[in-house]
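Read through the structure below, which is laid out as structure tokens, and then see the notes.
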Amino acid sequence: GGGGGGGGRSIAAAALRGMEDGSTVYGKGSLADDGDVELQPLTGEHSSTSTSATASTKAPSSSETPATTTASGRPKKPLYEVWPSRSKFFCRGMAMTGGETEMGITPNCSVPNLCVWTCIMAPCTLYFLWVFPHLWRKGSYAMPLATLAVFLMATGFLLATCCSDPGIIPRREVIWATKTDEKLEAELGYDLLIKATLARDGKGGSQHVPPELSRHGYRWCRTCRIVRPPRASHCPDCDNCVLRYDHHCPFVNNCVGQRNYHFFFGFVTSVLCLAIMVLPVLFWWLNSDNFEMAVDGLTHVSSGALKPVFYALIACGSLIGIAVLLSALLWFYHVFLIATNRTTKEFRRNLTNIAEEPTLCASRGPRLFDPTTLVDPREIIRQDEAPPPPTPNLCQQCFGDDDDYY
């Protein structure tokens, strides 16, 4: 109860600051009639009035308005700075990650994702510090080099899965703001905005989906207010529609879809191979005479102070072994999905692959939006929705809220 009240006060304080300085405070909005959620700004009548008055007095002539400002003189911002969902961009829009709503350390860093990195880096650190030099001195070069190559592949695939666009279809406001409706229509082969029969705001769009599209599996997304193609779905965690949506994976803190499924499967395959190459050799090393001599020397120097460390390593090794078994099951499961041309969602809900396209070997397709495009932040706003409190995470629970957090 106290945390919720603090969050409400923080939002109210942020909204008041936004009214005072004309800035926009973004939050998560919802429609009362269908329960869909959106990332929308908090705006007030006072804020819009004062901003309009300022813009009217300072607006330059159309011939003097630069490309980085709107017609009324407001500065434009890159799309990645005002993206209306839980996904976050970094490296100036070149990389993105999903939103974690259940076990988040921060809004975009999750406990499962941290566990994955720990299970990879902990045993590999021991391997490269102790085992790799020993094998190299013994003249065994193939095994250490192969292990290093697989380690680089596993971490590379994991980074690519975590930080790549899974195949997001931009929502209605983004399409209008970036003026890419014709481009997307040419790329996807249909008008996802239904411009011919539907108003610009997209209200009531479910009644306007052409019957020929409905028969082929096209569905209206009430959250994004677009017509999404077959096998696409709206992710409730990232709050985006994703092409060939497979599932939202908290272990990679991102959606798995059309544009990063091959990264995901490559990660699962390479991390399983890495475990097979590292763990048996590491176990052999831990039971060898060389390791016992090293342990005796360390414990003698530190008067046994390091013994708990080695007991902790044994416990961590057991947990990592369990994780390897689960990874093997996950790999066989996705091999089954690939062989049957189904996604995780289609298998779990017993849905038919209407498009009859492969799950892994189909075209990855281009990115459907450019995060560096300059847009007017007000064009991303939906005036008919109000934001609820932001999603809590462990940092907020431990350190509390303050007005500057938002």
Side-chain angles (χ1 to χ4, degrees), residues 15 18-19 22-52 55-56 70-72 74 76-87 168-188 190-211 213-214 218-229 232-236 238-243 368-371 373-388:
M19 291 181 181
S23 61
T24 302
V25 181
Y26 285 85
K28 188 80 179 136
S30 61
L31 283 173
D33 54 347
D34 56 20
D36 286 321
V37 289
E38 304 290 345
L39 257 173
Q40 302 304 336
L42 292 172
T43 58
E45 187 174 331
H46 170 73
S47 175
S48 59
T49 304
S50 60
T51 305
S52 301
S56 62
T70 64
S72 57
R74 293 190 304 270
K76 292 185 177 181
K77 292 184 178 182
L79 179 59
Y80 66 83
E81 292 186 4
V82 293
W83 184 257
S85 77
R86 293 194 185 101
S87 297
I168 292 174
I169 309 172
R171 59 180 61 187
R172 193 177 196 88
E173 293 75 24
V174 173
I175 297 174
W176 285 125
T178 56
K179 300 177 176 61
T180 54
D181 50 317
E182 294 183 357
K183 177 183 176 181
L184 290 178
E185 184 174 351
E187 183 64 41
L188 298 176
Y190 71 99
D191 180 15
L192 68 168
L193 299 180
I194 326 179
K195 300 189 296 291
T197 59
L198 190 59
R200 185 182 178 90
D201 59 9
K203 289 184 178 180
S206 58
Q207 307 297 325
H208 295 264
V209 179
L213 292 181
S214 298
Y218 292 79
R219 295 290 181 266
W220 176 257
C221 178
R222 295 173 297 175
T223 304
C224 297
R225 298 183 183 178
I226 59 171
V227 178
R228 60 175 182 246
S233 185
H234 190 90
C235 174
C238 293
D239 201 25
N240 296 306
C241 275
V242 179
L243 292 169
L368 299 182
F369 63 94
D370 181 4
T373 302
L374 295 178
V375 299
D376 182 356
R378 292 194 175 189
E379 295 184 3
I380 309 295
I381 298 171
R382 283 185 187 169
Q383 301 290 347
D384 58 344
E385 295 183 1

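Remember, predicted model here, so these are calculated numbers, not experimental data. Here, residue 1 is the first one in the sequence, and each next residue gets the next number.
- A distance-only check finds a donor-acceptor pair linking the side chain of Arg86 to the backbone of Pro236 [under 3.5 Å].
- The CG atom of Asp239 lies 4.0 Å from the NE2 atom of His234; values are rounded to the nearest 0.5 Å.
- In this structure, CZ on Phe369 lies 5.0 Å from CD1 on Ile168, to the nearest 0.5 angstrom.
- Two residues are said to be in side-chain contact when any heavy atoms from C-beta on lie closer than 4.5 Å; Leu368 and Leu188 meet this criterion.
- No donor-acceptor distance shorter than 3.5 angstrom exists from the side chain of His208 to the backbone of Leu198, with no hydrogens or angles considered.
- Between Arg74 atom CZ and Glu379 atom CD the span is 8.0 Å, to the nearest 0.5 Å.
- A side chain to side chain contact (heavy atoms under 4.5 Å, CB included) with Trp176 holds for exactly one of Lys179, Glu173, Arg172; it is Arg172.
- Nearest heavy-atom pair across Pro170 and Ile226 is O-CD1, 3.8 Å.
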side-chain contact (heavy atoms from CB on, under 4.5 Å) between Ser87 and Asn240, intermediate numbers included: CA-CA 8 Å; Ser87 297; Asn240 296 306; 2.8 Å; yes
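- The side-chain heavy atoms of Cys221 and Ile169, taken from C-beta on, include no pair separated by under 4.5 Å.
- Side-chain atoms of Arg219 never come within 3.5 Å of backbone atoms of Pro229 as a donor-acceptor pair (strictly under, hydrogens ignored).
- Ile175 contributes atom CD1, which lies 13.0 Å from atom CZ of Arg225 (distance to the nearest 0.5 angstrom).
- Side-chain contact check for Pro210 versus Tyr218: every heavy-atom pair is 4.5 Å or farther apart.
- By the 4.5 Å heavy-atom criterion applied to side chains, Arg228 and Trp220 are not counted as neighbours.
- Taking the side chain as every heavy atom from C-beta outward, Pro78 and Thr373 never approach each other to under 4.5 Å.
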Criterion side-chain contact (heavy atoms from CB on, under 4.5 Å) on Ile194 and Val227, from CA distance to verdict: CA-CA 8 Å; Ile194 326 179; Val227 178; 3.4 Å; yes
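- In this structure, Thr180 OG1 and Asp370 CG are separated by 9.5 Å, a value rounded to the nearest 0.5 Å.
- Between Ala196 and Asp191, the closest heavy-atom pair is N-OD2, 4.2 Å.
- Asp181 CG to Lys183 NZ: the interatomic distance, rounded to the nearest 0.5 Å, is 11.5 Å.
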